[in-house]
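Source: prediction; values computed, not measured. Sequential numbering from 1 along the given sequence is applied to the chain's residues.
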Amino acid sequence: QVQLVESGGGLVQPGGSLRLSCAATTSFFSIVPVGWYRQAPGKERELVARITSGGNTNYADSVKGRFTISRDNAKATVYLQMSNLKPEDTAVYYCNLKVNMDYWGKGTLVTVSS
């Protein structure tokens, strides 16, 4: 069983920053891609950012230039640094990885509001 635990969500003002973390419990962490997804009220879950085992990244157009995904294989942790946050970034953020099957964390809520 793979365990994923997100943390770092909270309430932030527009223009502010947050860093999300996702700690994984799997010996295969270093060789698999990891992604951050989010789901806003009334919307479908969407891919926010993804990072491969080799460090290649891709981002949703809506967050490109504002968010940065990174990973620390020694700590089996993936991060999402979010800057210049907008109200439309408000969502529950989930981390995801695939080890034979997809695993998801419970999610962490990010609320961007004045």
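Evaluated for a side-chain contact (heavy atoms from CB on, under 4.5 Å) with Ile51, the options Asn56, Val78, Asn58 yield exactly one hit, Val78.
Taking CG of Leu18 as the reference point, atom CD of Gln81 lies at 8.5 Å (rounded to 0.5 Å). To the nearest 0.5 angstrom, Leu11 atom CG is 8.5 Å from Thr90 atom OG1. With values rounded to the nearest 0.5 angstrom, Ile69 atom CD1 is found 9.5 Å from Arg50 atom CZ. To the nearest 0.5 Å, the span separating CZ on Phe67 from CG on Leu20 amounts to 8.0 Å. Considering CG of Leu4 and OG1 of Thr25, their distance stands at 8.0 Å, rounded to 0.5 Å. A distance of 15.5 Å separates CZ of Arg38 from SG of Cys95, quoted to the nearest 0.5 Å.
Counting all heavy atoms, side chain and backbone alike, Ser17 lies closest to Asn84 at OG-N, 4.2 Å. The heavy-atom pair separating Ala23 from Thr77 by the smallest distance is CA-OG1, 4.0 Å. The shortest non-hydrogen separation linking Val63 to Val48 is CG2-O, 3.6 Å. For the pair Ser53 and Ser30, the tightest heavy-atom approach, listed with the atom from each and the gap, is CB-O, 3.4 Å. Summarising the geometry of Leu80 relative to Ala49, their closest heavy-atom pair is CD1-CB, 4.1 Å, with the distance given to 0.1 Å. Looking at every heavy atom in both residues, Leu85 comes nearest to Arg66 through CA-NH1, 3.8 Å.
No side-chain heavy atom of Trp36 sits under 4.5 Å from any side-chain heavy atom of Asn96.
Hydrophobic clustering of Ile, Leu, Val, Met, Phe, Trp and Tyr side chains at less than 4.5 Å, counting indirect connections, keeps Val2 apart from Val5. Hydrophobic clustering places Tyr93 together with Leu97 (ILVMFWY residues linked when any side-chain heavy atoms are closer than 4.5 Å, directly or through intermediates).
With a 4.5 Å cut-off between side-chain heavy atoms of Ile, Leu, Val, Met, Phe, Trp and Tyr, the cluster of Leu47 takes in Tyr37, Val92, Tyr94, Trp104, Leu109.
One finds no salt bridge joining Lys106 and Glu6 here, because no Lys/Arg side-chain nitrogen approaches an Asp/Glu carboxylate oxygen to under 4.0 Å.
At least one donor-acceptor pair closer than 3.5 Å links the side chain of Asp72 to the backbone N or O of Lys75.
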Quiz prompt | Step-by-step side chain to side chain contact (heavy atoms under 4.5 Å, CB included) determination, Asp89 to Met82 | solution = CA-CA 9 Å; Asp89 295 319; Met82 305 184 294; over 6 Å; no
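The number of heavy-atom neighbours closer than 6.0 Å to CD of Gln39, taken from other residues, nucleotides and ligands shown, is above 12. Annotation for Asn100: atom CG does not count as buried by contact number, only 12 or fewer foreign heavy atoms lying within 6.0 Å.
Note that Arg71 lies in the cation-pi zone of Phe29, set by a 6.0 Å cut-off to the ring centre and a 45° limit from the axis.
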